[in-house]
Structures are given as C-alpha cells and as structure tokens.
Q: 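One structure coming up, written as structure tokens, with questions to follow.
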Amino acid sequence: MKGHPLQGRDFLKLLDFSTEEILGLVDLAAELKQKKKEGIVHDVYRGRNIALIFEKTSTRTRCSFEVAAHDLGMGTTYLNPTDSQIGKKESIRDTARVLSGMFDAIEYRGYGQEIVEELAKYADVPVYNGLTNEFHPTQMLADLLTIKEHFGRVSGLKFVYLGDARYNTGNSLMVACAKTGMHFTACAPKAYWPESELVEECKKLALEHGGSISFTEDVREGTRDADVISTDVWVSMGEPDEVWEERIRDLSPYRVDRSVMENAGSDAIFLHCLPSFHDLGTGIGRKIHEKFGLTEMEVTDEVFESEQSLVFQEAENRMHTIKAVLYATL
Ligand code: CP
Ligand code: NVA
C-alpha cells in the first residue's frame with residue numbers, strides 16, 4: 001500500500017513503535033481478517049518476495065508469514081536452521097546485503113535480539129523479528145487483536161502473566177501492556193522477573209498510557225480479578241534440557257489451573273502463544289512425564305480446553321496480524 005505511514009519500517013520490537021502505530025496495525029489486521037473471511041482476494045503485492053529465515057523451529061510464525069505473503073500475492077523462500085550459510089559461512093552483515101538484492105523483505109527467527117538488529121541495519125528492505133530470545137513482537141499483535149475482539153478494548157484491562165517472565169514472551173507482553181495502557185502483573189518467583197532496565201522503561205511507558213506494571217510471587221494476589229491470564233512454556237527453544245528440573249521445581253506453583261481461572265473470575269480469558277504442554281500429546285511432554293511424573297505443565301488440560309481459552313483464535317490471529325505488518329511496511 002503506497003503511502004502507509006509504516007512503509008519501509010522494520011518490525012523488530014514493540015518498543016520501536018508508538019501506541020497509535022501498534023493499535024493501528026491491530027485494526028488493520030482486523031480489516032484484513034474480515035476481507036479474508038469474505039473471500040475478497042487481496043494480492044496487492046504480486047511480484048514481491050520475502051525471505052523467511054528460521055534458526056529455530058516454528059509452526060505458527062512460519063505458516064503465518066507464508067500464508068499472509070501468499071494472500072498478498074508474494075513469493076516466499078524458507079531458509080531452515082541447517083541448510084543456509086547464515087552465521088556459519090557467511091556473516092549476518094553479508095547475508096543482509098545478499099538477501100536485500102533479491103527480496104523485498106526479510107523475516108528472521110533466532111537467538112539474540114542483536115542478530116535481527118544487525119540484519120536490519122545492513123538490509124535495505126524491511127526486516128521482521130519472528131522471535132528472538134528477548135522479544136516476540138508479532139505474537140503481541142495477535143494477542144492484542146484477540147483481546148480487542150473479545151473485550152472490545154485493550155486499555156484498562158488487567159493482564160496477568162504466570163511463569164518465566166524474563167524471556168521473549170514475558171518481556172514482550174510487559175512492553176505490549178505498557179504501550180497500550182493495560183495493567184500488567186507478572187506472577188512468578190523473583191528470579192524469573194524481567195531485567196530491571198526493561199522494567200523501568202515499561203513502568204515509565206505504563207504511566208504515560210494509564211496502565212501499570214507490577215510483580216508478585218503470590219498467585220492468588222496476582223491473578224485476582226484479572227481479565228487476561230497468560231503463560232508460556234517453562235523452557236524455551238535454545239535452552240538446555242538440564243534446566244527442566246529447576247523450572248519444574250520453581251514454576252509448578254505458577255501453573256494455570258482451574259483455581260487460577262476461578263480467582264480471576266468467570267469473565268477472564270486464557271491466552272498462550274503455543275505450543276503448549278497441557279497433556280501427553282507431545283514427545284517432550286511424554287519424556288518429562290517419564291522423568292518427573294508430570295502430565296501437564298504450564299497450563300492444565302482442563303483450562304486449555306475450557307471455554308475461557310482463546311488460544312486457537314489467538315493462533316489464527318498470528319496470520320492476520322503478520323499480514324498487517326507486511327501490508328503496512330512494504
Ligand atoms: N507462537 C509461536 O511463535 O509459535 P511457533 O513457534 O509455532 O511459530
Ligand atoms: N518462549 C517460547 C516461545 C515460543 C513461541 C520459546 O522461545 O520457545
């Protein structure tokens with residue numbers, strides 16, 4: 001779309017965007033979703049191409065970028081964690097310049113945030129963060145859209161995140177809430193709270209936008225009257241298997257179960273970026289069951305499958321929101 005205010009911008013973290021820009025992308029995603037539901041073809045970017053670099057595995061993010069790009073008429077090239085030269089035989093800086101010559105945009109999922117920032121620095125085309133250790137900004141747009149679809153608004157709601165709040169999802173949710181005037185509470189052992197520099201920045205933003213940021217180790221106090229309850233896996237991609245034992249010990253009291261949802265209230269919704277360990281339907285879930293005896297981890301199957309759980313609407317919204325990012329920035 002010519003002339004969109006975000007044309008040419010990278011999408012690396014929500015901190016780079018104003019509240020209006022973030023909520024504008026959410027509204028744009030809602031429009032694009034409506035168009036798709038009505039069967040309106042919207043292939044305005046025919047002839048353009050995007051490179052999708054995944055140094056970590058993915059279902060939702062990859063499929064969202066591919067479907068969104070195809071719906072917009074674009075071509076996609078998927079570079080998997082093992083088959084390209086990136087990082088091993090070719091620097092990020094050189095990769096950025098090579099891909100800029102062939103593609104109109106680049107998506108990157110991988111490890112440190114500094115890698116995607118470097119890619120963006122040397123690329124001449126928009127670069128999108130498909131998840132780093134620190135941030136998962138496209139996920140945030142999907143969460144905001146899901147919240148807005150359900151409550152009709154975002155600002156003023158109480159959002160509670162339970163579990164490892166120091167990693168990509170916890171960090172990003174705190175930023176998303178701070179930017180949009182939600183009241184964010186991380187409910188976790190102190191060692192799992194986000195780093196203080198980011199917390200201070202978010203507290204300032206929250207104040208500006210009428211929200212708040214708080215932390216507690218007390219599940220009942222933290223989740224009382226929450227509008228949104230959210231969690232994520234206890235061990236993230238790229239972390240060593242050895243950390244499972246301490247995570248299970250430290251985070252089991254923060255599992256989202258029926259009592260958490262009851263404490264929040266019957267109008268609360270449950271969100272999870274997925275994938276989730278809520279039963280024994282996964283290889284890792286079964287391994288953990290054999291070793292530690294757990295049948296469910298960060299969320300019980302009962303909550304996951306309940307009426308209050310909007311996780312599949314949230315997953316679908318990944319595609320519509322990623323489409324909004326492509327549409328706005330190209
Ligand atoms: N939520 C999310 O990013 O899912 P994938 O890892 O499947 O992309
Ligand atoms: N924290 C998780 C998010 C997955 C979408 C991870 O990094 O593995």
Side-chain angles (χ1 to χ4, degrees), residues 11-14 29 50 52-69 76 78-81 107-113 115-116 128-147 161-176 186 188 192-195 198 228 230-244 247-248 250-251 254-256 270-278 281-285 288 297-299 304 309-323 325-326:
F11 193 75
L12 305 180
K13 56 187 185 299
L14 286 194
I50 181 168
L52 305 173
I53 306 171
F54 281 83
E55 300 206 287
K56 289 176 179 170
T57 53
S58 168
T59 296
R60 274 146 294 274
T61 310
R62 176 182 174 183
C63 293
S64 295
F65 271 100
E66 292 207 8
V67 173
T76 57
Y78 172 69
L79 296 154
N80 75 19
E107 178 276 352
Y108 174 86
R109 165 174 284 198
Y111 295 87
Q113 178 72 16
I115 302 172
V116 76
Y128 313 122
N129 177 0
L131 176 146
T132 58
N133 295 344
E134 291 83 359
F135 294 114
H136 195 5
T138 60
Q139 179 72 48
M140 297 305 110
L141 297 179
D143 289 15
L144 291 170
L145 176 59
T146 311
I147 292 168
Y161 176 84
L162 292 95
D164 184 357
R166 324 157 290 184
Y167 222 73
N168 40 30
T169 305
N171 285 341
S172 298
L173 285 169
M174 179 170 68
V175 176
Y192 293 84
W193 296 358
E195 60 154 73
L198 185 63
V228 185
S230 165
T231 187
D232 187 12
V233 290
W234 291 340
V235 176
S236 285
M237 289 181 280
E239 294 196 286
D241 282 349
E242 293 73 63
V243 300
W244 271 111
R247 297 295 163 80
I248 288 170
D250 296 345
L251 298 176
Y254 298 87
R255 170 180 298 122
V256 178
F270 172 70
L271 296 182
H272 189 312
C273 60
L274 307 183
S276 159
F277 297 120
H278 58 94
T282 68
I284 292 179
I288 297 297
M297 287 192 255
E298 72 277 4
V299 56
F304 187 91
S309 170
L310 301 189
V311 296
F312 295 109
Q313 181 180 335
E314 179 186 9
E316 178 190 329
N317 283 341
R318 296 297 310 285
M319 195 283 283
H320 304 297
T321 45
I322 281 172
K323 193 188 283 178
V325 172
L326 298 180

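Atoms within each ligand, like the ligands themselves, are counted from 1 in listed order. The first residue in the sequence is number 1, and the count goes up from there. Basis for what follows: all heavy atoms, side chains included, without hydrogens, waters or symmetry-related copies.
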Q: Nearest non-hydrogen contact with atom 8 (O) of ligand 2 belongs to which option: Met237, Arg109, Lys56?
A: Met237

Q: For Thr61, state whether at least one heavy atom is located under 4.0 Å from any atom of ligand 2.
A: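 Flag not set, Thr61 not near ligand 2.
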
Q: What's the shortest distance from atom 7 (O) of ligand 2 to any protein heavy atom, and which residue and atom give it?
A: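 The protein heavy atom lying closest is Asn168 ND2, 2.8 Å.
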
Q: Could you list which atoms of ligand 2 come closer than 4.0 Å to a heavy atom of Leu274?
A: 5 (C)

Q: Atom CD in Gln139, atom CZ in Arg318: separation rounded to 0.5 Å?
A: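 It comes to 4.5 Å.
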
Q: Any nitrogen or oxygen of His136 lying under 3.5 Å from a nitrogen or oxygen in ligand 2? Just yes or no.
A: no

Q: Would a distance-only check, ignoring hydrogens and angles, find a side-chain to backbone donor-acceptor pair under 3.5 Å from Thr231 to Leu162?
A: yes

Q: Between Glu314 and Thr146, is the side chain to side chain donor-acceptor pair (under 3.5 Å) condition met? List the steps.
A: CA-CA 6 Å; Glu314 179 186 9; Thr146 311; 5.9 Å; no

Q: State whether Lys13 and Glu134 are salt-bridged, where the test is any N-O pair (Lys NZ or Arg NE/NH1/NH2 against Asp/Glu carboxylate O) under 4.0 Å.
A: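 Salt bridge flag = no for Glu134 with Lys13.
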
Q: Determine the interplanar angle of the Phe54 and Tyr78 rings, folded into 0 to 90°, and report it as parallel if under 30°, tilted if 30 to 60°, perpendicular if over 60°.
A: tilted

Q: For atom 4 (C) of ligand 2, which protein heavy atom lies nearest, and how many Å away is it?
A: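 Residue, atom and distance for the closest contact: Leu131 CD1, 3.9 Å.
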
Q: What distance separates Phe65 CZ from Ile50 CD1, expressed to the nearest 0.5 Å?
A: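 The CD1 atom of Ile50 is 5.5 Å from CZ of Phe65, to the nearest 0.5 Å.
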
Q: Tell me the residues surrounding ligand 1, counting only those with a heavy atom closer than 4.0 angstrom, sorted by chain and number.
A: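 Only Ser58, Thr59, Arg60, Thr61, Arg109, His136, Gln139, Cys273, Leu274, Arg318 have heavy atoms that fall under 4.0 Å of ligand 1, ordered by chain and number.
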
Q: Return the set of residues passing salt bridge (Lys or Arg N to Asp or Glu O under 4.0 Å) with Arg60 (not counting sequence neighbours), or none when no residue passes.
A: none

Q: Under 3.5 Å between some N or O of ligand 2 and some N or O of Asp232?
A: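 Min N/O separation from ligand 2 is below 3.5 Å for Asp232.
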
Q: Assess, by modelled atom type and distance only, whether the side chains of Asp232 and Tyr167 contain a donor and an acceptor separated by less than 3.5 Å.
A: no

Q: Please report the interatomic distance CD1(Ile147) to CG(Leu271), rounded to the nearest 0.5 Å.
A: 5.5 Å

